[in-house]
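Structure first, then comments.
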Amino acid sequence: MKVDATKVASILREMADLLSIKGENPFRIRAYEKAARTLEHLPGDMEALYKQGKLKDISGLGKGMLEKIATILNTGRLPAYEELKKEFPEGTRELLFISEIGPKTVKLLYEEEGVKNIEDLETFAKSGKLRDLPGMGAKTEENILRGIKLYRTSKARILLGRAQPLVEEVIAELKNRASSWIEKISPAGSLRRGKETIGDIDILVSSRNSSPVMDGFAQLSFVKEILAKGETKSSILTTQGLQIDLRVVSPDSFGAALQYFTGSKSHNINLRERAIKRGLKINEYGVFTREGEKLAGKNEKEVYASLDLPFIPPELREDRGEIEAAEKGRIPCLLREKEIKGDLHMHTKMSDGVNTIEELIEKAKSKGYEYIAITDHSLSLKVARGLSIETLLAQIKEIKKINSHLEGFKVLAGSEVDIKKDGSLDYPDEILGKLDIVIAAIHTGFKQDKKTITARVVKAIQSPFVRIFAHPTGRLLGEREAYAVDLNKVLEVAKDRGIWLEINAQPQRLDLTDIWIMEAKKKGVKLAINTDAHNKEGLDFMSLGVATARRGWCQAPDVVNTLSLEEFIHKL
Ligand code: DGT
Ligand code: CA
Ligand code: CA
């Protein structure tokens with residue numbers, strides 16, 4: 001059995017949950033959680049790291065945990081896990097995902113009432129017996145039934161690219177309905193952190209009077225169901241089945257609440273530990289001394305400052321070393337969208353796009369760009385109407401003509417050349433030589449094994465004509481896993497050859513991912529953030545690519561399309 005990091009992480013996560021149901025020592029549970037998180041975020045091949053003896057150098061993995069990981073790698077099993085699983089039936093762990101159900105309740109429900117899974121829980125609650133358990137009541141029973149419903153509808157996360165426009169509309173409508181009561185309003189949660197997918201949308205408002213704001217929220221045109229409505233927190237389910245949580249706080253707590261509800265949870269836990277070490281208390285209302293004196297709360301900057309830290313941008317708050325970096329004054333000045341000067345991957349109506357080159361230029365100029373590359377699909381990619389050699393040559397000519405009329409803006413003649421199954425490129429070299437920029441990408445043979453597909457990519461990016469390797473992992477969120485390609489190897493070759501790796505800004509791709517961006521940066525491989533637009537509006541996806549780059553700790557110099565036209569031309 002092939003065991004990868006995700007698989008080991010899921011075993012450890014499951015163990016953490018089962019141990020919590022069992023009522024084990026919280027420190028032990030935390031150790032499993034931490035190890036699981038570390039493995040989930042591990043760049044590269046865990047097995048290779050293990051074989052090279054490098055796994056032990058990764059922080060977050062203690063000695064005992066390393067032994068367990070070794071056992072899983074060597075035998076494909078972990079006896080402690082199998083023993084633990086015998087104690088609880090398959091579905092009990094899933095009960096933890098229902099809000100208002102904690103590990104103690106799960107234990108009680110299973111041992112005393114024989115509730116083994118979500119279906120059992122639903123039956124039990126509907127029979128009206130749940131309310132009689134300690135700490136429960138009719139209200140909790142109702143909430144739990146609603147929680148079950150919600151859990152079932154919201155198992156799927158939605159794309160950042162879908163959530164972002166929605167939250168903008170919600171904020172605009174809410175401002176309309178309760179403008180005089182809203183002092184400040186901001187998205188929080190994973191959306192503010194720019195995560196690629198969003199579980200639910202969190203919005204925070206500061207106001208001196210929450211009732212009119214909550215009323216306005218409950219009346220939004222998006223509301224399908226009001227899940228909860230209170231003074232400080234309300235939740236709705238939108239017509240698209242998405243949950244939105246709104247919290248209203250007083251202005252002097254806005255910063256503390258924004259910090260708290262932006263998360264991530266593990267960033268917050270670290271921050272809280274730091275506060276405790278300093279004899280302070282931090283919560284959604286502020287930072288307090290032991291005596292209860294309030295030190296900060298109005299804005300996030302003062303919240304962090306009260307813990308002797310500079311402001312940490314939301315995209316970095318993932319417990320990936322940002323607090324240590326902040327402590328040392330090493331928080332990077334992250335890339336901003338306005339620093340982007342061009343877009344190097346887009347399609348026209350000649351292949352599978354809808355707009356003309358001129359229309360794309362107009363849109364690019366309106367975004368303040370100085371250059372774009374036109375990169376239609378290549379010869380054999382028939383499904384995407386790949387350009388024949390004649391058509392490509394005609395397009396190159398057309399671009400030359402267009403450029404002769406342009407000033408301070410340049411269109412690069414490019415191609416998104418398919419990497420064929422054997423690693424060869426989809427146009428002959430003499431044609432590739434006529435292009436300003438060549439992007440290589442995989443569009444078929446996704447299921448090749450690691451060795452084959454890695455060799456295929458390495459061969460392709462060794463071509464002297466290739467500048468960019470596009471959507472390097474090939475994953476499609478919610479649809480297709482990454483290919484088996486060994487990206488560490490690809491990064492090595494890219495570094496050697498001076499190839500740029502793409503951060504593809506399509507909402508379903510966001511590929512490279514944040515973790516791999518960090519890795520590319522570490523290895524000194526430059527990145528290009530491209531939209532891969534198939535129509536002119538698609539150029540606006542750049543903001544998603546920038547958010548992902550920021551999550552990968554990118555600064556402007558890490559990204560080639562922040563260069564001005566003049567500087568960029570010299571890099572080709
Ligand atoms: P999501 O919605 O799954 O994409 O992820 P988030 O991060 O938006 O999570 P959510 O909506 O459950 O909660 C929003 C934020 O509230 C979260 O990032 C951190 C904070 N938060 C929630 N629960 C806890 C908690 O138990 N402890 C701490 N310290 N913070 C929490
Ligand atoms: Ca959320
Ligand atoms: Ca939430």
Side-chain angles (χ1 to χ4, degrees), residues 13 16-17 20 26 29-30 33-34 37 40-41 96-103 143 146-147 150-151 153-164 166-167 170-171 186-205 217 226-230 232-238 240-249 253-276 280-287 300 303-304 307 312-320 322-323 477-478 507 510 514 544 547-548 551:
R13 223 171 246 295
D17 286 346
S20 77
I29 298 166
R30 272 284 301 281
E33 277 170 352
K34 194 166 174 201
R37 198 166 63 238
E40 280 159 3
H41 292 161
L96 286 174
F97 298 142
I98 308 297
S99 61
E100 309 222 23
I101 302 259
N143 286 343
R146 188 174 288 135
L150 195 71
Y151 174 68
T153 57
S154 69
K155 256 184 176 171
R157 299 173 63 82
I158 74 152
L159 300 176
L160 177 65
R162 260 194 67 209
Q164 238 171 23
L166 178 67
V167 80
V170 169
I171 287 180
S186 170
S190 51
L191 186 98
R192 182 161 180 251
R193 303 198 308 279
K195 215 173 151 179
E196 58 203 17
T197 62
I198 309 296
D200 68 5
I201 293 182
D202 302 280
I203 299 176
L204 185 71
V205 162
F217 183 61
I226 298 166
L227 301 172
K229 188 161 177 274
T232 57
K233 182 183 168 180
S234 295
S235 297
I236 58 165
L237 203 58
T238 69
Q240 295 117 312
L242 190 68
Q243 183 176 333
I244 306 181
D245 293 344
L246 175 72
R247 288 172 181 93
V248 182
V249 298
S253 291
F254 185 72
L258 187 57
Q259 195 294 311
Y260 184 89
F261 292 115
T262 294
S264 66
K265 196 169 163 183
S266 43
H267 173 86
N268 287 357
I269 289 171
N270 276 347
L271 213 58
R272 194 192 308 145
E273 277 170 6
R274 187 179 174 88
I276 291 168
L280 302 172
K281 198 178 111 184
I282 181 169
N283 57 29
E284 61 267 51
Y285 302 105
V287 182
E300 280 189 325
V303 169
Y304 283 101
L307 300 172
I312 300 176
E315 294 91 338
L316 300 187
R317 301 182 196 167
E318 294 290 350
D319 191 15
R320 293 176 187 159
E322 69 278 9
I323 293 180
L477 287 161
L510 295 178
D514 46 13
L544 302 177
T548 306
R551 289 175 59 81

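Start at 1 and go down the list; that is how both ligands and their atoms are numbered.
Atom 15 (C) of ligand 1 has Phe261 O, 3.2 Å as its closest protein atom, hydrogens excluded (heavy atom only). Counting only heavy atoms of the protein, atom 7 (O) of ligand 1 lies nearest to Arg193 NH1, 2.9 Å. Of the protein's non-hydrogen atoms, the one nearest atom 9 (O) of ligand 1 is Asp202 OD2, 4.7 Å. Remark: minimum distance from atom 4 (O) of ligand 1 to any protein heavy atom is reached at Ser190 OG, 2.5 Å. Nearest protein heavy-atom neighbour of atom 17 (C) of ligand 1: Gly263 CA, 3.9 Å. For atom 31 (C) of ligand 1, the nearest protein heavy atom (residue, atom name, distance) is Tyr260 OH, 3.8 Å. Ranking the protein heavy atoms by distance from atom 12 (O) of ligand 1 puts Asp200 OD1, 4.9 Å first. Looking at atom 26 (O) of ligand 1, its nearest protein heavy atom turns out to be Lys265 CE, 3.4 Å.
A distance-only check finds a donor-acceptor pair linking the side chain of Arg274 to the backbone of Leu307 [under 3.5 Å]. Using modelled atom types, no side-chain atom of Ser253 and backbone atom of Ala257 make a donor-acceptor pair closer than 3.5 Å. At least one donor-acceptor pair closer than 3.5 Å links the side chain of Glu300 to the backbone N or O of Gln259. Under the 3.5 Å distance criterion, the side-chain polar atoms of Arg193 are left unmatched by any main-chain donor or acceptor of Pro314. Judged by distance alone, with hydrogens and angles left aside, the side-chain atoms of Arg317 form a donor-acceptor pair with the main-chain N or O of Ile312 at under 3.5 Å.
The shortest N/O to N/O separation between Gly189 and ligand 1 does not fall below 3.5 Å. The N/O atoms of Thr197, backbone and side chain alike, include none that comes under 3.5 Å of an N/O atom in ligand 1. Between Asp245 and ligand 1, not a single N/O pair is under 3.5 Å apart.
Ligand 1 places these atoms under 4.0 Å from at least one heavy atom of Ile198: 4 (O). Per-residue contacts place Thr262 under 4.0 angstrom from the following atoms of ligand 1 (heavy atoms of the residue considered): 18 (O). Ligand-side atoms of ligand 1 in range of Gly199: 1 (P), 2 (O), 3 (O), 4 (O), range being under 4.0 angstrom from any heavy atom.
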Could you please spell out the steps behind the side-chain contact (heavy atoms from CB on, under 4.5 Å) verdict for Arg157 and Glu196? CA-CA 10 Å; Arg157 299 173 63 82; Glu196 58 203 17; over 6 Å; no
Would Leu242 and Leu237 count as a side-chain contact (heavy atoms from CB on, under 4.5 Å) here? Give the steps. CA-CA 5 Å; Leu242 190 68; Leu237 203 58; over 6 Å; no
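The side-chain heavy atoms of Leu271 and Glu273, taken from C-beta on, include no pair separated by under 4.5 Å. By the 4.5 Å heavy-atom criterion applied to side chains, Leu159 and Leu477 are counted as neighbours.
The closest approach between Ile201 and ligand 1 stays at or above 4.0 Å for every heavy atom of the residue. Ligand 1 lies less than 4.0 angstrom from a heavy atom belonging to Arg157. In this structure, Arg272 is part of the shell of residues with a heavy atom less than 4.0 angstrom from ligand 1.
Taking CG from Leu316 and CG from Asp319, the interatomic distance works out to 12.0 Å, rounded to the nearest 0.5 Å.
For Asp514 and Thr548, the side-chain atoms include no donor-acceptor pair closer than 3.5 Å. In summary, the side chains of Glu322 and Asn270 do not present any donor paired with an acceptor at a separation below 3.5 Å, with no hydrogens or angles considered.
Under 3.0 Å from the Ca ion (ligand 2) lies an N/O/S atom of Asp202, whether from backbone or side chain.
The OD2 atom of Asp245 and the OD2 atom of Asp200 subtend an angle of 80° at the Ca ion (ligand 3), given to the nearest 10 degrees.
For atom 22 (C) of ligand 1, no protein heavy-atom neighbour is present inside the 4.0 Å cut-off.
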